[in-house]
Amino acid sequence: MSTAIAATPTGEQQHSAVAARAVGLGKVYGSGQTQVTALHGVDVEFTRGGFAAIMGPSGSGKSTLMHCMAGLDTASGGRAFIGATEITALGDRALTRLRRDRIGFIFQAFNLLPTLTAAENITLPADLAGRRPDRAWLDQVIDTVGLRDRLAHRPGELSGGQQQRVACARALAGRPELIFADEPTGNLDSRTSGEILDLMRGSVDEYGQTTVMVTHDARAAAMADRVLYLADGEIVKETGRSSQHEILQIIDTLDLQ
């Protein structure tokens, strides 16, 4: 099952407005009697400057879809693109460079290096690429996430919310084409979750940061411009920006508990 953005006059114009897309994307785990199909030929596009949420029950394929589109997992079939680049055709080294240079990641487990300070974690992708960060932009990001007085601290000296702010700053610091966020508030309390969601929403509204977020949380999905619902490896419904109550009603109607 597929979902699409509004058509544009030409293919070239359309693809220039698309940050990421999947064409017939499939993923199969195992073989024989243990074979599990996680994605069934998914077609989807994410527009530049938009904030999309992907929802679905455990095992629906939502994280698998994001991982395959981000080049973190290998698709079994179909094609995935970041901008005009087909990532499913790239070798390991080229794919590593693309993830480092063009994509920002925010994970539920934060994925910070414990031996590095907050500042060093934020600039790690640029350091690995041998690039000097844009100091003015980096300062703006640090002030936006409210970490100015915590930059010298290592992850073990930070709260969960502060660690996720470091992860958000790391994702934003390189001005990536898009950010993929996998359950970014899953390990946070309700107040801190709200702060992180406000930060992500602000990065879209103020900086035009394209963001795709996988979440099981209706409150989080209500922050997005667009909500996709997955079940059994297929997109079964799509809505525009919706309230938490509306999202919960859709989940109940589709029996996606």
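What you are looking at is a predicted structure, and each value in this text was computed from that prediction instead of being measured.
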Checking [X] side chain against [Y] main chain: does a donor-acceptor pair fall under 3.5 Å?
X: Asp73; Y: Cys68; result: no
X: Asn121; Y: Leu113; result: yes
X: Thr47; Y: Gly50; result: no
X: Glu234; Y: Val42; result: no
X: Arg102; Y: Arg97; result: no

Picking from Ile247, Leu228, Val214, Asp217, what satisfies side-chain contact (heavy atoms from CB on, under 4.5 Å) with Met55? Ile247
Name the orientation class of the two ring planes belonging to Trp137 and Tyr207 (parallel below 30°, tilted from 30 to 60°, perpendicular beyond 60°).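 Trp137 vs Tyr207 ring planes: perpendicular.
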Would you indicate whether the side-chain heavy atoms of [Y] and [X] approach each other to under 4.5 Å?
X: Asp225; Y: Val204; answer: yes
X: Phe51; Y: Met200; answer: yes
X: Ile250; Y: Tyr229; answer: yes
X: Leu178; Y: Ile82; answer: yes

Among side-chain atoms of Thr88 and Glu86, is any donor-acceptor pair under 3.5 angstrom?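 Yes, side-chain donor-acceptor contact under 3.5 Å.
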Quick one: do the Ser190 and Ser193 side chains pair a donor with an acceptor below 3.5 Å?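 No, no side-chain donor-acceptor contact under 3.5 Å.
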Take Phe46 and Arg21, measure what side-chain contact (heavy atoms from CB on, under 4.5 Å) needs, and give me the verdict at the end. CA-CA 6 Å; Phe46 298 105; Arg21 63 189 175 105; over 6 Å; no
Salt bridge flag under 4.0 Å for residues Glu157 and Arg150: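 Looking at Arg150 together with Glu157, the answer is no, because their closest N to O distance does not fall below 4.0 Å.
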Would you check, one step at a time, whether the test salt bridge (Lys or Arg N to Asp or Glu O under 4.0 Å) holds for Asp182 with Lys62? CA-CA 9 Å; Asp182 193 357; Lys62 58 186 185 295; over 6 Å; no
Is Ile103 reachable from Phe107 through a run of I, L, V, M, F, W or Y residues, each pair having side-chain heavy atoms under 4.5 Å apart? yes
